[in-house]
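Here's the structure, in structure tokens; my notes come after.
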There are 2 protein chains.
Amino acid sequence: MTSTKRKKLKAKGWKFGDVQDFLELSDEEMAFIEMKLALGRSLKERRQRKGLSQAALARLISSSQSRVAKMETGDASVSIDLLIKSLLALGASRKELAKSIEQSKRPAAA
Amino acid sequence: MTSTKRKKLKAKGWKFGDVQDFLELSDEEMAFIEMKLALGRSLKERRQRKGLSQAALARLISSSQSRVAKMETGDASVSIDLLIKSLLALGASRKELAKSIEQSKRPAAA
DNA sequence: ACAGTATATGTCAGTTTTGACATATACACA
DNA sequence: TGTGTATATGTCAAAACTGACATATACTGT
């Protein structure tokens, strides 16, 4: 929950609210960022499972390859709205979206 | 899922993507809007359970009473990002958020 | 080495979202 | 009737997001 986990996230451009230092994120902010990352992972999985390139998905949702890449890598410039719309476009149900949002990361099969 | 349900939603300012006519929303678009409405309901519930006014919540999240009202009434101008940040600020967990997103409306206790 | 494909990252003008403000409605209780 | 509190709705400048483009990296095959 705290510093250990925080340091694992690479600052990509995240400057959240008033918080300057990336390592000083509150738990709320962490939760929000992790949700975005989780949705990005889901998007990538779904896209790949369908054998689509980022460019092909971009066409499908009237966006661009670069924005799809940013969604999947968790760039600070992408909204959750866009992630959700994209996942819905790939056929995800609300229930499946909920599952992505809920899970903290994945069982870590190491 | 289809026309019956669609007509129940009052057009508040929704003009989604290319779709002109509100009654012609695709299932994806419906799912997106219903998610927003569900999150708005959750926000209202949580706020009221804490005995906060919209103005008090607004202070808490550095926003304004009017924007909180728009969040709770499902105004087309509010993002899911803002709804989620607000719910997190009220102490909702990712699991609880997931639950809100998942449920279509509520068992309808009539 | 070169060409083709896939993904990542930086930039930017156009669009959308935001907080703030004004104002309206509704309900209480003096 | 007024005064106070709570919520809803319209507007707008400023901030955030978006698609598009350029470009970089990496991994094919040839």
Side-chain angles (χ1 to χ4, degrees), chain A residues 9-20 29 32-33 35-37 39-90, chain B residues 9-20 29 32-33 35-37 39-90:
Chain A
L9 282 170
K10 293 154 294 189
K12 280 205 126 181
W14 289 104
K15 48 169 168 153
F16 210 103
D18 291 356
V19 184
Q20 274 76 316
E29 291 164 338
F32 185 79
I33 292 176
M35 277 178 52
K36 263 173 131 169
L37 293 173
L39 289 169
R41 285 191 296 270
S42 274
L43 186 67
K44 185 170 190 171
E45 262 180 40
R46 269 192 175 268
R47 172 179 67 77
Q48 290 180 330
R49 209 178 311 137
K50 296 208 171 193
L52 296 172
S53 66
Q54 290 183 343
L57 171 55
R59 254 169 265 130
L60 203 65
I61 62 178
S62 304
S63 184
S64 59
Q65 178 269 324
S66 56
R67 191 131 300 272
V68 172
K70 286 178 220 283
M71 283 197 259
E72 291 183 355
T73 56
D75 190 280
S77 81
V78 321
S79 69
I80 288 194
D81 293 67
L82 185 61
L83 281 160
I84 288 180
K85 283 180 187 171
S86 303
L87 279 159
L88 290 172
L90 279 182
Chain B
L9 281 170
K10 294 153 294 189
K12 279 206 127 181
W14 290 105
K15 46 170 170 152
F16 212 105
D18 292 357
V19 184
Q20 273 77 314
E29 291 164 337
F32 186 79
I33 291 176
M35 278 179 50
K36 264 175 134 169
L37 293 173
L39 290 169
R41 284 192 298 269
S42 275
L43 186 67
K44 185 170 190 171
E45 262 180 40
R46 269 192 174 266
R47 172 179 66 78
Q48 290 181 330
R49 209 179 311 138
K50 296 210 172 193
L52 296 172
S53 66
Q54 291 183 343
L57 170 56
R59 253 169 267 130
L60 204 65
I61 63 178
S62 304
S63 184
S64 59
Q65 178 269 324
S66 57
R67 190 130 301 273
V68 172
K70 286 179 220 282
M71 283 196 259
E72 291 184 355
T73 56
D75 189 281
S77 81
V78 322
S79 69
I80 288 194
D81 291 67
L82 185 61
L83 281 160
I84 288 181
K85 283 180 186 170
S86 303
L87 280 160
L88 290 173
L90 280 182

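The figures that follow rest on heavy atoms only: side chains count, while hydrogens, waters and symmetry mates do not. Reminder, nothing fancy here: chain letters follow the sequence lines and each chain counts from 1. All values derive from a computational prediction rather than experimental measurement.
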Among [options], which nucleotide has an atom closest to any side-chain atom of [X]?
| X | options | answer |
| --- | --- | --- |
| A/Q65 | C/dT18, D/dT9, C/dA8 | C/dA8 |
| B/K70 | C/dA20, D/dA8, D/dA20 | C/dA20 |
| B/S77 | C/dA20, D/dG19, C/dT18 | C/dT18 |
| A/R67 | D/dT9, D/dG19, C/dT7 | D/dG19 |
| A/Q54 | C/dG10, C/dT7, D/dT9 | C/dT7 |
| B/S63 | D/dA8, C/dT9, C/dG19 | C/dG19 |

_Basic-acidic side-chain contact under 4.0 Å: A/E45, A/R41_ = no
*Charged N to carboxylate O below 4.0 Å: is that the case for A/E72 and A/R47?*
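Here A/E72 pairs with A/R47 in a salt bridge, since their nearest N and O are under 4.0 Å apart.
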How close or far is atom [atom2] of [N] from atom [atom1] of [X], stated in whole angstroms?
| X | N | atom1 | atom2 | answer |
| --- | --- | --- | --- | --- |
| A/L57 | D/dA20 | CG | P | 13 Å |
| B/M71 | C/dT17 | CE | P | 14 Å |
| B/K50 | D/dA6 | NZ | P | 18 Å |
| A/R59 | D/dG19 | CZ | P | 15 Å |
| A/D81 | D/dC17 | CG | P | 10 Å |
| A/L82 | D/dT18 | CG | P | 5 Å |
| B/K44 | D/dT7 | NZ | P | 8 Å |
| A/R47 | C/dA8 | CZ | C1' | 12 Å |

_For A/D75 and A/S77, which I'm curious about, is there any donor-acceptor pair between the side chains at under 3.5 Å?_
yes
*How would you label the contact of A/S62 with the nucleic acid (heavy atoms, under 4.0 Å): base, sugar-phosphate, or nothing?*
sugar-phosphate
Suppose we call a contact any N or O donor and acceptor under 3.5 Å apart; does that hold for the side chain of [X] and the base of [N]?
| X | N | answer |
| --- | --- | --- |
| B/E72 | D/dA8 | no |
| B/S64 | C/dC21 | no |
| B/S79 | D/dC17 | no |

*Look only at the side chain of A/K70 and the backbone of A/V78, and say whether a donor-acceptor pair between them is shorter than 3.5 Å.*
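It does not hold such a pair.
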*Could you tell me whether the side chain of A/D81 and the main chain of B/I80 form a donor-acceptor pair under 3.5 Å?*
yes
